[in-house]
Asks: 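Handing you a structure now.
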Amino acid sequence: MLDIKLLRDQGDAIRQNLEDRNVHVFPELTPESGADWAARTVERLQALDARYLELLHDGDETRRKQNENTTAMKSVGKLPKAEQAAARKPLIEAGRALRDHEREVHAQAEEALVARDDAWSRVPNLTHPESPRGHTDEDHRELRRVGTIRDFAAEGIEPKDHLDIAEALELVDFAAGARVTGQKHYYLKNEAVLLDLALQRYAIGVAQRHGFTLHVTPDLARDSILQGLGFNPRGESTQVYTIENSDLCLVGTAEITLGGMLADSILEEEQLPVLLAGLSHCFRTEAGAHGKESRGLYRVHQFTKVELFAFTAGTLEESSAMHARLLAIEEEIFQGLEIPYRVIDIASGDLGGPAYRKFDLEAWMPGRGCFGEITSTSDCTDYQARRLKIRYRPTPVDGKKQKPRHVFMLNGTAVANSRALVAILENHQQRDGSVVVPKVLRSWTGFDAIGPR
RNA sequence: GGAGGAGUGGCCGAGUGGUCGAUGGCGGCGGACUUGAAAUCCGUUGAACCCUUACGGGUUCCAAGGGUUCGAAUCCCUUCUCCUCCGCCA
């Protein structure tokens with residue numbers, strides 16, 4: 001959630017951002033409803049805010065009068081006994097009237113606040129000035145390509161996709177997954193199990209070397225934590241599985257469990273940056289994604305991931321530097337895995353609500369003959385920290401204590417196992433159907449190659 | 001799952017209807033003393049929101065949410081968390 005003061009002082013910046021991101025806060029205000037849809041959205045948000053403030057003032061004023069009344073009541077005790085009852089009577093009546101009014105206004109103010117924040121929390125984060133503007137895949141900016149794409153034609157090999165490779169080597173069982181759990185669920189088998197564990201161990205090791213505190217996180221989290229991080233836990237197009245009769249969800253990423261760890265706390269500036277790494281399972285409904293890039297392990301309902309998370313001081317200098325650091329770690333990991341990739345600066349329309357800027361790593365996937373997203377790192381500035389109430393106390397200036405500020409929060413994928421497996425199988429496949437294991441994994445797998453069989 | 005107990009400011013801990021944002025201690029910060037430090041003494045010490053250019057002012061917060069009352073940290077209800085004991089269990 002953004003600072004509500006931005007709505008009051010910089011409505012036009014909000015309007016521009018809604019247009020850049022093509023985000024529709026109210027379903028009836030879209031480009032189809034008129035060119036001024038974004039301006040009308042801002043006006044409507046401002047009206048909701050004004051309504052809340054009006055009720056807030058009324059409530060404050062009423063409580064002030066209640067406090068006055070209470071003070072007056074206290075002084076009654078100093079009057080002669082005979083006069084006290086008569087003096088109390090009007091005060092009690094006034095008190096009752098104030099109480100009734102306060103209750104009514106309070107309830108209305110609550111409602112108005114919920115209405116405002118409901119809408120306001122759908123307004124996305126501001127956008128980095130250098131992020132490309134646009135809503136389509138072509139609008140993303142490719143920053144660089146790293147690694148050499150294998151020339152399979154020169155090797156005289158017709159590259160297979162990861163599913164063909166995996167099935168031939170008996171590394172996955174989607175049929176059993178479908179039987180036991182459902183579509184897009186799978187079992188890993190044989191060497192794939194060890195490869196999966198090796199990837200986790202490798203990524204965890206890199207994270208540790210870079211100073212991240214290691215965690216295995218819960219796979220469930222409360223609705224309120226998801227909302228704080230800008231996820232929508234329930235509703236039609238949610239990507240999140242929820243647990244019936246509880247306020248819990250299966251997490252789609254350890255970003256949730258790591259980011260939520262410090263909710264409601266105030267840190268000292270010296271503690272920053274806080275660097276956390278988390279290993280968790282990730283569950284995604286993939287609502288509306290059927291048929292799209294749906295073959296094999298590329299888009300599945302459950303996978304394991306090592307996630308990086310950082311809390312920094314609340315300046316763009318700090319968070320941008322940390323963002324670059326997270327990206328560098330992701331690149332280090334995939335260079336270690338000997339996978340060619342490119343780095344993408346994600347366009348405004350595809351950032352998702354919380355991100356101020358986002359970089360994706362896309363690995364070359366010979367089976368599909370194109371690049372596919374493999375990691376992602378986002379600078380979410382204070383957008384998530386505001387709802388989660390994660391703050392820090394800046395170091396004193398001239399001996400004066402500073403007011404707490406919201407931390408900036410960033411996340412990045414170290415390794416998402418399902419997609420890393422896709423990239424490894426496809427890039428390291430051999431003519432005989434075997435797959436060479438990247439050197440960095442061999443001490444964990446205990447073998448250099450899988451197959452041939 | 002059953003039975004008990006407890007949740008107060010950064011921490012410990014008083015407070016059982018109005019004078020309590022809350023005694024006291026510890027910690028922190030500032031100052032005095034000291035060559036410096038320790039010890040001692042004095043002062044100070046939370047957060048959120050709203051109004052205000054500022055100075056300043058107002059409202060709220062004693063786990064959370066409801067209720068009783070003119071008035072709640074204090075009484076009642078619900079929920080959550082923690083602790084102890086019993087049972088069950090990888």
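Naming convention: chains lettered A, B, ... in sequence-line order (proteins, then strands); numbering from 1 in each chain. This one's a predicted model, so the numbers in the text were calculated from it and none came from an experiment.
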Asks: Would you tell me if any nitrogen or oxygen in the side chain of A:Arg103 comes within less than 4.0 Å of OP1 or OP2 on B:U68?
Replies: yes
Asks: Over all strands shown, is A:Leu98 touching base, sugar-phosphate only, or nothing at heavy-atom distances under 4.0 angstrom?
Replies: nothing
Asks: Once you round it to whole Å, what is the distance between C1' of B:G10 and CG of A:Leu267?
Replies: 13 Å
Asks: Counting only Watson-Crick pairs (N1-N3 plus N6-O4 or O6-N4) and G-U wobbles (N1-O2, O6-N3), all under 3.5 Å, who is the partner of B:G17?
Replies: none
Asks: Given that A:Ala94 and A:Pro404 both sit by RNA chain B, which one's nearest nucleotide is further toward the 5' end?
Replies: A:Pro404
Asks: Which nucleotide sits closest to the side chain of A:Asp60: B:C49, B:U59, B:C70?
Replies: B:U59
Asks: Which nucleotide, B:U68, B:C50, B:G71, lies nearest any side-chain atom of A:Gln66?
Replies: B:G71
Asks: Does OP1 or OP2 of B:C49 have a side-chain N or O of A:Lys389 closer than 4.0 Å?
Replies: no
Asks: Rounded off to whole Å, could you give me the CD-to-P distance for the A:Glu110 and B:A64 pair?
Replies: 14 Å
Asks: Watson-Crick or G-U wobble partner for B:U40, using a 3.5 Å limit on both distances?
Replies: B:A32
Asks: Phosphate oxygens OP1/OP2 of B:G58: is one of them under 4.0 Å from a side-chain N or O of A:Arg64?
Replies: no
Asks: Answer with base, sugar-phosphate or nothing: what part of the nucleic acid does A:Leu91 contact at a heavy-atom distance below 4.0 Å?
Replies: nothing
Asks: Mapping A:Gln402 and A:Arg8 onto RNA chain B by nearest heavy atom, which one lands closer to the 5' end?
Replies: A:Gln402
Asks: Name the nucleic acid region contacted by A:Arg386, choosing base, sugar-phosphate or nothing; use a 4.0 angstrom heavy-atom cut-off, strictly under.
Replies: nothing
Asks: How many whole angstroms separate atom CD of A:Glu268 from atom P of B:G46?
Replies: 13 Å
Asks: What nucleotide among B:U81, B:A47, B:C50 has an atom nearest to a side-chain atom of A:Lys5?
Replies: B:C50
Asks: Roughly how many Å is it from CD in A:Glu68 to C1' in B:G71, rounded to a whole number?
Replies: 15 Å
Asks: When you compare the side chains of A:Asp196 and A:Gln200, does any donor N or O come within less than 3.5 Å of an acceptor on the partner?
Replies: yes
Asks: Can you find a side chain N or O atom of A:Arg99 that sits less than 4.0 Å from OP1 or OP2 on B:U68?
Replies: no
Asks: Which nucleotide in the list B:C70, B:A47, B:C51 gets nearest to the side chain of A:Arg393?
Replies: B:A47
Asks: State which of B:U81, B:C70, B:C51 makes the closest approach to the side chain of A:His57.
Replies: B:C51
Asks: Could you tell me the Watson-Crick or G-U partner of B:U81, where both distances fall under 3.5 Å? Say none if there is no partner.
Replies: B:A6
Asks: Give A:Arg88 one of three labels, base, sugar-phosphate or nothing, depending on what nucleic acid heavy atoms sit under 4.0 Å from its own.
Replies: nothing
Asks: Determine the contact category for A:Lys89: base if any of its heavy atoms lies under 4.0 Å from a base atom, sugar-phosphate if only primed atoms, P, OP1 or OP2 are that close, otherwise nothing.
Replies: nothing
Asks: Are A:Phe283 and A:His301 an aromatic pair, judged by ring center distance below 6.0 Å?
Replies: no
Asks: Should we say atom CZ of A:Arg325 is surrounded by more than 12 heavy atoms from elsewhere, each under 6.0 Å from it?
Replies: no
Asks: Classify A:Lys403 by what it touches in the nucleic acid, base, sugar-phosphate, or nothing, heavy-atom distance under 4.0 Å.
Replies: sugar-phosphate
Asks: Find the partner of B:G71: check Watson-Crick (N1-N3 plus N6-O4 or O6-N4) and G-U wobble (N1-O2, O6-N3) distances, both under 3.5 Å, and reply none if neither fits.
Replies: none
Asks: Tell me yes or no: between the side chains of A:Gln227 and A:Asp223, is some donor less than 3.5 Å from an acceptor?
Replies: no
Asks: In terms of side-chain heavy atoms of A:Arg63, which of B:C50, B:A47, B:U59 is nearest?
Replies: B:U59
Asks: Counting Watson-Crick and G-U wobble pairs only, both distances under 3.5 Å, name the nucleotide matched with B:G27, or none.
Replies: B:U45
Asks: Just name whichever nucleotide pairs with B:C89, Watson-Crick or G-U, keeping both distances under 3.5 Å, else none.
Replies: none
Asks: Where the side chain of A:Asn67 is concerned, which of B:A47, B:U59, B:G18 is the nearest nucleotide?
Replies: B:U59
Asks: Does either side chain, that of A:Thr413 or that of A:Thr375, offer a donor lying less than 3.5 Å from an acceptor on the other one?
Replies: no
Asks: Whether A:Arg391 contacts B:A48 is assessed here as follows: a side-chain N or O lying under 4.0 Å from the phosphate OP1 or OP2. Is that the case?
Replies: yes
Asks: Return yes if a side-chain donor-acceptor contact under 3.5 Å exists between A:Thr127 and A:Arg21, otherwise no.
Replies: yes
Asks: Take A:Ser376 and A:Asp360 through the test side-chain hydrogen bond (donor to acceptor under 3.5 Å, both in side chains) and record every step on the way to the result.
Replies: CA-CA 4 Å; A:Ser376 182; A:Asp360 281 3; 2.8 Å; yes
